[in-house]
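For reference, the structure is listed below as structure tokens.
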Amino acid sequence: EAAPFFTTGVWLHPKADASSNIGRRQNMMIRTTITDIKRYFCQGRGIEQAVDFINNNDLAALEPGRYSIDGTKVFALIQEVCTMRPEDAPFENHLRSADLQMTLSGDECVGYCPVSRLEKFGCYDAAADVQNYTGQADCVMRNEANKSIAIFFPEDGHQPYVAKGTLQSIKKVVIRIDMEYLNSGK
């Protein structure tokens, strides 16, 4: 069974070989806190825009829906959903954007597995920029409400809405950041 490894805010697959990434940029899932997210602003302005939205809005008071931050390039989705058993929660990824996720209320866990090790389920929805998958999580992270942040890149399969015990309603913010606002450092 794979064990999660946590180093400077990034969860690594146990077989990750850091030396293979020397000299080339590669995105990896980021796991951090709202107080430490600033260290990742160097990844591009989209992360800073997302954090500004979080810090400058009363997210608990916002109704579920979509909120523009920078047109279609950076936008927030306020969600109120019920958690699911791990076997019922699909994995997903996004080809054109990264997800910055933070649970606002309730207990939520999120599974993680590289998409290269998951099985595609259904067709890619280009309008929503989402592909679903089935598979097993390498690690499952518990989101501490209003503190934990995760950023998932296109190669990161993520399994949101996983229950920690009893199924319950949660509220969360998902901020989609176009990869142009990350890779190019804009």
Side-chain angles (χ1 to χ4, degrees), residues 9-11 13 24-32 34 37 40-54 57 59 62-84 86 88-104 108-141 143 148-162 170-186:
V10 180
W11 286 87
H13 186 270
R24 65 174 229 235
R25 180 189 161 118
Q26 180 171 338
N27 293 322
M28 296 180 78
M29 184 198 94
I30 296 170
R31 176 76 170 165
T32 190
I34 191 67
I37 188 70
Y40 298 101
F41 287 177
C42 63
Q43 296 288 319
R45 72 176 176 175
I47 295 174
E48 188 169 358
Q49 289 175 308
V51 174
D52 284 346
F53 179 84
I54 290 168
N57 288 279
L59 301 180
L62 290 179
E63 293 293 321
R66 182 176 168 148
Y67 296 84
S68 178
I69 298 171
D70 190 345
T72 60
K73 298 293 187 182
V74 183
F75 59 91
L77 301 168
I78 300 293
Q79 302 175 337
E80 290 180 352
V81 298
C82 188
T83 57
M84 299 179 237
D88 296 331
F91 282 87
E92 63 181 39
N93 81 321
H94 313 285
L95 302 182
R96 298 185 309 267
S97 59
D99 262 3
L100 183 148
Q101 298 190 7
M102 186 170 82
T103 305
L104 303 172
E108 179 195 24
C109 294
V110 177
Y112 168 80
C113 186
V115 295
S116 62
R117 299 205 352 253
L118 297 170
E119 291 289 324
K120 285 185 181 180
F121 177 75
C123 296
Y124 171 69
D125 182 340
D129 185 28
V130 66
Q131 173 67 58
N132 288 321
Y133 298 85
T134 60
Q136 286 292 118
D138 279 354
C139 65
V140 177
M141 302 161 284
N143 287 344
S148 303
I149 289 181
I151 303 174
F152 300 101
F153 296 96
E155 59 273 12
D156 299 323
H158 51 285
Q159 183 186 33
Y161 321 127
V162 175
I170 62 165
K171 186 170 187 175
K172 72 184 295 181
V173 60
V174 176
I175 301 179
R176 290 279 188 89
I177 304 168
D178 191 291
M179 290 304 293
E180 285 181 26
Y181 279 45
L182 295 171
N183 288 338
S184 66
K186 288 184 178 178

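Quick caveat, the model's predicted, so the values are computed rather than measured. Along the sequence shown, residues carry numbers from 1.
In this structure, Gln159 contributes its side chain and Ala89 its backbone to a donor-acceptor pair below 3.5 Å. A donor-acceptor contact shorter than 3.5 Å is absent between the side chain of Asn57 and the backbone of Leu59. Without hydrogens or angle criteria, Asp125 side chain to Ala128 main chain gives a donor-acceptor distance under 3.5 Å.
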**Request:** Evaluate the criterion side chain to side chain contact (heavy atoms under 4.5 Å, CB included) for residue pair Leu104 and Val173; output intermediate values, then yes/no.
**Result:** CA-CA 7 Å; Leu104 303 172; Val173 60; 4.2 Å; yes
**Prompt:** Given the rule in the side chain to side chain contact (heavy atoms under 4.5 Å, CB included) test, do Ile175 and Ile54 qualify, once you have shown the distances and angles that lead to the verdict?
**Reply:** CA-CA 9 Å; Ile175 301 179; Ile54 290 168; 4.0 Å; yes
**Request:** Give the C-alpha distance, both sets of side-chain angles, the deciding distance and a yes or no for side chain to side chain contact (heavy atoms under 4.5 Å, CB included) between Phe53 and Val74.
**Result:** CA-CA 10 Å; Phe53 179 84; Val74 183; over 6 Å; no
**Derivation and outcome, side chain to side chain contact (heavy atoms under 4.5 Å, CB included), residues Phe91 and Val115** = CA-CA 9 Å; Phe91 282 87; Val115 295; over 6 Å; no
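By the ring pair (Phe, Tyr, Trp, His ring centres under 6.0 Å) test, Phe152 is found to be paired with His158, residues two or more places apart in sequence or in another chain being considered.
Here the OG1 atom belonging to Thr134 is positioned 7.5 Å from the CG atom belonging to Leu118, to the nearest 0.5 angstrom. With rounding to the nearest 0.5 angstrom, the CZ atom of Arg176 is 8.5 Å from the CZ atom of Arg96. Distance check: Asp129 CG to Asn93 CG gives 8.0 Å after rounding to the nearest 0.5 Å. Rounded to the nearest 0.5 Å, atoms CE (Met102) and CD1 (Ile34) are 5.0 Å apart. The CD atom of Glu180 sits 9.5 Å away from atom CZ of Arg45, with the distance rounded to the nearest 0.5 Å. Rounded to the nearest 0.5 angstrom, Ile69 CD1 and Ile177 CD1 are separated by 8.0 Å.
At least one side-chain heavy atom of Arg31 sits under 4.5 Å from a side-chain heavy atom of Ser148. Side chains of Val81 and Pro64 form no contact here, defined as non-hydrogen atoms less than 4.5 Å apart. Residues Ile151 and Ile37 are in side-chain contact: their nearest non-hydrogen atoms beyond the backbone lie under 4.5 Å apart. Side-chain contact between Gln131 and Leu95 is absent, with no heavy atoms from C-beta onward closer than 4.5 Å. By the 4.5 Å heavy-atom criterion applied to side chains, Glu108 and Pro160 are counted as neighbours.
Between the side chains of Gln101 and Lys172, a donor-acceptor pair is found at a separation under 3.5 Å.
Nearest heavy-atom pair across Leu62 and Ile78 is O-CG2, 3.8 Å. Across every non-hydrogen atom of Gly111 and Val162, the tightest pair is N-CG2, 4.5 Å.
Around CD of Gln136, the count of heavy atoms belonging to other residues, nucleotides or ligands within 6.0 Å does not exceed 12. Within a 6.0 Å radius of OH in Tyr124, other residues, nucleotides and ligands contribute more than 12 heavy atoms.
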